[in-house]
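None of these values were measured; they are calculated from a predicted model. Numbered from 1 within each chain, the chains take letters A, B, ... in sequence-line order.
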Number of protein chains: 2
Amino acid sequence: MSWKKRVAEAAVARLPTYSRALDELDRKGVEIISSDELGEKVGYSAAQIRKDLSCFGEFGKVGTGYYVKDLKEAISQILGIDRAWNVALVGAGNLGSALLAYPGFRERGFRIVAVFDNDLRKIGKKWENVILQDISEMPEKIKEQGIQIGIIAVPAKVAQQIADMLVLSGIRAILNFAPARIVVPDGVELRAADLSRELERLSYFLTNEAAIRTEALQKGKVAGGEEDKTRESHHYRQDW
Amino acid sequence: MSWKKRVAEAAVARLPTYSRALDELDRKGVEIISSDELGEKVGYSAAQIRKDLSCFGEFGKVGTGYYVKDLKEAISQILGIDRAWNVALVGAGNLGSALLAYPGFRERGFRIVAVFDNDLRKIGKKWENVILQDISEMPEKIKEQGIQIGIIAVPAKVAQQIADMLVLSGIRAILNFAPARIVVPDGVELRAADLSRELERLSYFLTNEAAIRTEALQKGKVAGGEEDKTRESHHYRQDW
DNA sequence: CGACTTCTGTGACGGTTTTCACAAATCGTC
DNA sequence: GACGATTTGTGAAAACCGTCACAGAAGTCG
């Protein structure tokens, strides 16, 4: 598929959010939604949503809005999640095993069907219905099952080696949880999920922006803002 | 501290990467590095790095480069990670317990000193040196310990409720791992870490860009590119 | 059917981010 | 100390991104 216009990378990054919101609306039985309402729900402006979608086609009906089912389906197709993806996970330490057990991936169509580690004590064990395999078997197994997406959850030191192995095994896309930069050849897509980075940005905020804001507030330069009626927080126990 | 010029949000987002690279260089005994070399290491352009740093001051020496120790120290101060932060974690399920055990946070100065859940079977248990506490004790404990950063690792359904509680408890910054949008009042910083989103972006790539590239390649429109001599991947077993 | 409301898709605009290019400062060497 | 090589910091330009505003299509209602 090639699209109407140049596709903004930033727009693609927002599609998963739209997709999830539409899923929820659909489950609730909502049939039609305007860009205004959807924007309210996902936290982006209505114009943003319309512009994002316009990269890929025209999905709305003037004077009405978007048919939830149709838009949901369209975005799924654009993202390529109107199918299941088999995923290989490398590293069965703390993070790796949590990712394996994390239900969010499967809910969005990503099935971890192979897990590799080098800890001989773990090899052969069955976790979450997947048998832990030795790293040396990785290339063969990945090719065998035609897996295209790999998740790296090994220590930073060996992340590059694992990435190289994944590429040699024929992997086309990598999600890297190791706090290390890795390099992959052209044609392989790489994305970093650095868990600490976001905490560090929060630390920046607390150290700088928040201090500035507080200062300004004390000088009366920042409007008070409405007092934000806090939500009900009873009954949170039963449903998680 | 208030800075030389308007600070680009995008620059702040890159500082953690620079920081980590400088740590590593320092550990290796490197004393001086140019923006060019650092750029090579972290994967950004030299100009990008110089521009980013210029928001905060002048740290380099013309004709020489940057003193690794000095720059490392300076960035730590800017980010506010030249100290330890106490962090509260809410949710001790799969993801929560992995985050608790994840060594990367502590390495960067973030200590999870309180964990809350609502599963009565878990309350009172000691994990990773932290005693699991009932969610109802959260406001009190957070105030008591003056915790400013909270991590949400609960199911999407209750994420907003937990966020509200955190805000009421006096939390100033939240890192949300739940796949749900949450809203917080002004003055509280919120960051989302959605694990599935990145996989979905990879799926987009595999479904669209990769296909286009392949097509182009077949028509001979894309240059072959150097054949990327693959790294040695022996001996990966001993060090992780 | 006509008047009024609603809502999309998009061109135009302004803001932010990245890249480019270079003056000026410093280093190394002879 | 002079000269060529190196490297920073920064304006200017380019690319990218988000918001605004509106024409025109469709819906609503009497």
Donor-acceptor under 3.5 Å (B:Ser203 side chain, A:Gly80 main chain) = yes
In residues 7-21 of chain B, which residues come under 4.0 Å of DNA chain C by heavy atom?
-> B:Ala8, B:Glu9, B:Ala10, B:Arg14
Any side-chain heavy atom of A:Phe105 within less than 4.5 Å of one from B:Leu195?
-> yes
When you check the side-chain N and O atoms of B:Ser76 and B:Glu73, is any donor under 3.5 Å from an acceptor?
-> no
Assess the side chains of B:Thr17 and A:Arg181: does a donor N or O sit below 3.5 Å from an acceptor N or O?
-> no
Salt bridge flag under 4.0 Å for residues A:Lys69 and A:Asp23 = no
Can you tell me the distance, in whole Å, between the CG atom of A:Leu53 and the P atom of C:dC7?
-> 16 Å
Evaluate the criterion side chain to side chain donor-acceptor pair (under 3.5 Å) for residue pair B:Ser19 and B:Arg108; output intermediate values, then yes/no.
-> CA-CA 10 Å; B:Ser19 174; B:Arg108 303 295 293 168; 2.8 Å; yes
Donor-acceptor contact present, side-chain B:Gln148 to main-chain B:Ala173, <3.5 Å = no
With no hydrogens and no angle check, is any side-chain donor or acceptor of A:Asn94 less than 3.5 Å from a backbone partner on B:Leu99?
-> no
What does B:Tyr44 touch in the nucleic acid at a heavy-atom separation under 4.0 angstrom: a base, only the sugar-phosphate, or nothing?
-> nothing
At the 4.0 Å heavy-atom cut-off to chain A, mark where contacts on DNA chain D begin and end, going 5' to 3'.
-> D:dC17 to D:dG27
Tell me, for nucleotides 19-30 of chain C in 5' to 3' order, what letter each nucleotide earns: B for a base near a protein heavy atom under 4.0 Å, S for only sugar-phosphate near one, - for neither?
-> B-B--BBBS---
Are B:Arg201 and A:Glu189 ion-paired here, with the side-chain N under 4.0 Å from a carboxylate O?
-> no
Less than 4.0 Å between a side-chain N and a carboxylate O, is that true for B:Glu24 and B:Arg20?
-> no
A:Phe59 CZ - C:dT10 P separation (whole Å) = 11 Å
A:Tyr66 near the nucleic acid: base, sugar-phosphate alone, or nothing, with a heavy-atom cut-off under 4.0 Å?
-> sugar-phosphate
After noting the C-alpha distance and the side-chain angles of A:Asp52 and A:Tyr44, does the key distance pass the side chain to side chain contact (heavy atoms under 4.5 Å, CB included) rule?
-> CA-CA 11 Å; A:Asp52 285 350; A:Tyr44 296 113; over 6 Å; no
Whichever of B:Lys5 and B:Glu37 has the more 5' nearest nucleotide on DNA chain D, that residue is B:Glu37
